[in-house]
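The structure under discussion appears below in the form of structure tokens.
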Amino acid sequence: MKKNKLVAPVLKWVGGKRQLLGSLTPLLPKKITTYCEPFVGGGALLFQLQPTTAFVNDINAELISVYEVIKSDVEALIAALQDFTNESDAFYAVRDWDRDKEKYASLSNIERAARIIYLNKTCYNGLFRVNNAGEFNSPFGNYRNPNIVNAPTLRAVSIYLNTASVQLTSLDYTESLKDLPKGAFVYLDPPYDPVSDTSSFTGYSKGGFTRDDQIRLRECCDGLSSRGIKFMLSNSATDFIKEQYAAYHINIVQAKRAINSDSTKRGEVDEVVVRNYE
Ligand SMILES: C[S@@+](CC[C@H](N)C(=O)[O-])C[C@H]1O[C@@H](n2cnc3c(N)ncnc32)[C@H](O)[C@@H]1O
């Protein structure tokens, strides 16, 4: 399948891999028949590679639903997005839709997906953040000209999702990795081990990702290895993570820290790329 340059992330996502693609692609296996991404987020690598067979998962059901709507109803989604405006009052009114559980449950998948894309484009730093009650709580971003309706990208992603064989799921990553075909390649981009106690960002979904979760993830990677499945994993280059994956190949790459509420702390940070193959 020929790659379409318009296929790109439709959402800004914390830890998005867009600016790391140049470092990640040379480390991929030469040939990928089935691509699997259990923590897809914004899907920067998925949309860059545009594999013909893919298993795509994220525990964030709202996010996966956005991809499902792009796949099945992109024109209705584009039409729904036209209704939103980049104004503070409008932003907070739409953000509050999830405070009224009954009303929220009555929305269509298209309305919900449009809301997520709109909030993502207009909220501060494009942060998808929910509070303990699962309610979206990022503030208004006050950007001059956010691209709320990016129709060319939405249409291109829709064509990709319909042309390739892409299975979308919203499960815990372990579940999504259970039945993979032989020769599958797995790219894992989990919530990162915090580089300092204050840098921890755990707001992707209710509940965070603790060090015990990181250990559980490493055990899962060990399991992939023993099944003969190739994997590549990104994480922050903390001593803890380097110890966990000491048995594997580790490359250090530099990433720009895109999201930090303290702008003086935005700079280059080291990340690991772990692989169980040469
Ligand atoms: C670092 S982000 C992925 C970034 C992404 N690769 C990109 O390029 O934008 C991590 C993702 O893991 C998801 N996640 C967190 N816990 C999970 C779990 N137990 N199973 C599956 N996904 C999970 C979050 O919802 C989040 O979207």
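For this chain, numbers begin at 1 and follow the sequence in order. Order of listing sets the numbers, starting from 1, for every ligand and every atom in it.
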With a cutoff of 4.0 Å, is [X] in contact with ligand 1, counting heavy atoms of the residue only?
| X | result |
| --- | --- |
| L11 | no |
| E37 | yes |
| V14 | yes |
| G43 | yes |

Is it true that [X] and [Y] make a salt bridge, defined as a side-chain N closer than 4.0 Å to a carboxylate O?
| X | Y | result |
| --- | --- | --- |
| R218 | D222 | yes |
| R155 | E75 | yes |
| K178 | E175 | yes |
| K103 | D98 | no |

Going by the atom numbers of ligand 1, which of them fall below 4.0 Å from some non-hydrogen atom of [X]?
| X | answer |
| --- | --- |
| G16 | 7 (C), 8 (O), 9 (O) |
| Y173 | 18 (C), 19 (N), 20 (N), 21 (C) |
| V40 | 5 (C), 6 (N), 7 (C) |
| A44 | 8 (O) |
| N60 | 25 (O) |
| D172 | 18 (C), 19 (N), 20 (N) |
| L171 | 20 (N), 21 (C) |

Once you measure the plane-to-plane angle for [X] and [Y], does it fall in the parallel (<30°), tilted (30-60°) or perpendicular (>60°) bin?
| X | Y | value |
| --- | --- | --- |
| F209 | Y173 | tilted |
| Y160 | F47 | perpendicular |
| F185 | Y35 | tilted |
| Y118 | F91 | tilted |

Nitrogen or oxygen atoms of [X] and ligand 1 under 3.5 Å apart:
| X | value |
| --- | --- |
| K17 | yes |
| G42 | yes |
| L45 | no |
| N57 | no |
| D189 | yes |

Side chain, backbone, both or neither: which applies to P190 and ligand 1 if a contact is any heavy-atom pair less than 4.0 Å apart?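 For P190, the contact with ligand 1 is made by the backbone alone.
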Where on P38 is there a heavy atom closer than 4.0 Å to ligand 1, on the side chain, on the backbone, on both, or on neither?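 Looking at P38 and ligand 1, just backbone atoms fall under 4.0 Å.
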Around D89, counting heavy atoms of other residues, nucleotides and ligands shown, do more than 12 lie under 6.0 Å from its CG?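 No, because the 6.0 Å sphere around CG of D89 holds 12 heavy atoms or fewer from other groups.
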Run the numbers on R99 and Y104 for side chain to side chain contact (heavy atoms under 4.5 Å, CB included), then give the verdict. CA-CA 8 Å; R99 271 51 174 184; Y104 195 64; over 6 Å; no
Establish, for the pair K230 and Y277, whether the NZ or CZ atom is under 6.0 angstrom from the six-membered ring centre and no further than 45 degrees off its axis.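 Here K230 passes the 6.0 Å and 45° test against Y277.
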